[in-house]
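Notes for the one structure printed next.
What you see is a predicted model; the values in this text were computed from it and never measured. The sequence lines fix the lettering, A, B, ..., with proteins before strands; numbering per chain opens at 1.
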2 protein chains.
Amino acid sequence: MNKNPKRKMQTRSNLIDSFWLLYKKRHIRDISVRDIVELSGYNRSTFYEYFTDVYDLMDQIELHIIELLKDEMVRNLQDTEDPDIINRMDLFFKKNGEYLSVLLGEKGDPAFAVKLKAAIKPVLMQVLQLPKLDYESQLLFEFSLGGLLSALTYWYSDGMKIDSAEYSKIIKNILSNGSLKIVREMMR
Amino acid sequence: MNKNPKRKMQTRSNLIDSFWLLYKKRHIRDISVRDIVELSGYNRSTFYEYFTDVYDLMDQIELHIIELLKDEMVRNLQDTEDPDIINRMDLFFKKNGEYLSVLLGEKGDPAFAVKLKAAIKPVLMQVLQLPKLDYESQLLFEFSLGGLLSALTYWYSDGMKIDSAEYSKIIKNILSNGSLKIVREMMR
DNA sequence: AATTATTATGCAACACAATGTCGGATATTT
DNA sequence: AAATATCCGACATTGTGTTGCATAATAATT
């Protein structure tokens with residue numbers, strides 16, 4: 001294999017692109033191998049040269065995004081003394097926002113959020129020097145990251161109606177002061 | 001139709017139960033109508049008398065849970081002066097925990113979290129008297145509820161290793177003081 | 001440089017499984 | 001005994017995954 005790597009890369013990329021075009025609109029359960037190869041112009045068998053099934057294709061996209069995120073995180077931790085995690089995450093979200101918002105959204109893959117959290121967890125735990133085995137820090141992590149991803153997905157899916165700076169300010173406020181305090185202030 | 005409502009209810013219930021037995025272990029994409037009727041002993045056609053497909057069955061389960069939650073919330077808002085929302089949610093989670101943790105979990109349905117939030121949103125917004133159209137309160141809601149559901153799912157899926165009281169204490173602490181403050185305290 | 005040998009890449013066709021929809025059999029209620 | 005709700009068998013269609021083969025691109029040989 002791999003006699004013509006360029007062509008192979010191209011074919012793979014075409015298949016992925018066609019899938020994504022469909023996935024942006026439809027639920028993955030309504031996307032058949034037929035649909036994908038029809039759109040990209042290949043034979044159905046060709047698909048199976050590259051992926052075992054439609055879900056495998058999605059997994060490979062997810063794996064790619066996770067890799068990008070890991071790289072980004074490693075780079076960020078090196079070149080900054082104050083790791084402004086929220087801003088960094090926003091930035092990453094803007095770059096790969098379409099993929100992320102679809103995969104994290106209503107028609108997305110719940111397993112992706114789990115993978116994403118698992119990738120971020122060790123890095124964040126290390127940066128914040130949280131006690132790993134402590135149940136409170138586990139819950140804190142789950143809560144905070146779950147909240148962050150929910151908010152990001154909402155913001156992005158809703159068309160990013162406020163700008164990045166304002167968004168960051170709000171999220172930082174929540175993280176710094178806690179939801180209840182802010183609610184109390186709002187009620188006044 | 002409905003000449004024998006008892007039988008019909010029973011059949012429907014049997015089909016749902018068989019589905020759930022499979023769904024607890026497998027991903028929904030790997031569950032065929034065949035699998036369900038084989039387990040419950042019905043003909044495949046019978047399935048289609050009750051549901052349009054496997055996903056419709058899941059939707060009906062989800063709808064049922066959402067209804068239960070709404071009822072619970074309405075009842076709670078009536079009989080208490082201090083609506084301790086977190087405790088109430090835990091209680092509800094314990095009652096319907098298996099369904100919730102599966103549907104919200106890794107092999108679950110991302111649309112369910114969206115539906116759940118949408119059901120809770122109007123009630124909560126009213127109780128807290130938050131300004132509906134304010135973008136900050138939208139984000140606050142998404143963040144907090146996203147965080148709560150993530151933490152609950154983690155706690156439950158992990159086998160509820162700490163008891164309910166302790167769990168509530170931790171979550172309340174996060175909600176009251178904010179994640180960052182707690183992290184700072186932990187680092188000391 | 002031209003031609004042949006090699007093999008990576010893509011395809012047509014096959015067997016099988018799953019889907020959804022009939023019309024009809026059966027069993028339960030009235 | 002009559003009526004009809006409930007369930008089932010059989011059909012056509014669509015989707016899946018695999019096999020062996022054609023084609024086109026590279027490498028080898030002269």
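Rounded to an integer number of Å, the gap from Lys8(B) NZ to dT29(C) P is 15 Å. In this structure, Tyr55(A) places its OH atom 16 Å from C1' of dG17(D), rounding to the nearest Å. Atom CD1 of Ile36(B) and atom C1' of dT19(C) are 13 Å apart (whole Å). Rounded to an integer number of Å, the gap from Glu38(B) CD to dA18(C) C1' is 12 Å. Between the OH atom of Tyr50(B) and the P atom of dA5(D) there is a distance of 12 Å, given to the nearest Å. In this structure, CG of Leu57(A) is placed 13 Å from P of dG17(D), rounded to the nearest angstrom. One atom, CZ of Phe47(B), and another, P of dC7(D), lie 14 Å apart when rounded to the nearest Å. The CD-P distance, from Gln10(B) to dA5(D), rounds to 20 Å in whole Å.
The side chain of Tyr48(A) lies closest to dT18(D), out of dG20(C), dT18(D), dG10(C). When distances run from any side-chain atom of Arg44(A) to the nucleotides dG17(D), dT19(D), dG15(D), the shortest one goes to dG17(D). Taking the side chain of Tyr42(B) as heavy atoms from C-beta on, and the options dG10(C), dG9(D), dC7(D), the nearest nucleotide is dC7(D). When distances run from any side-chain atom of Glu49(B) to the nucleotides dC7(D), dA18(C), dT16(D), the shortest one goes to dC7(D).
Of the side-chain N and O atoms in Thr46(B), one or more sit less than 4.0 angstrom from OP1 or OP2 of dC8(D). A sub-4.0 Å separation between OP1 or OP2 of dC7(D) and a side-chain N or O of Thr11(B) is present. Checking the phosphate oxygens (OP1, OP2) of dC7(D), no side-chain nitrogen or oxygen of Asn43(B) falls inside 4.0 Å.
Aromatic ring pairs are classed by plane angle as parallel below 30°, tilted from 30° to 60° and perpendicular above 60°; the pair Trp20(B) and Tyr23(B) is perpendicular. In this structure, Tyr167(B) and Trp155(B) have parallel ring planes: the angle between them is below the 30° cut-off, well short of the 60° mark.
Remark: nothing in residues 14-33 of chain B comes within less than 4.0 Å of DNA chain D through any heavy atom.
By the 6.0 Å and 45° rule, Lys8(A) stacks over the aromatic ring of Tyr50(A).
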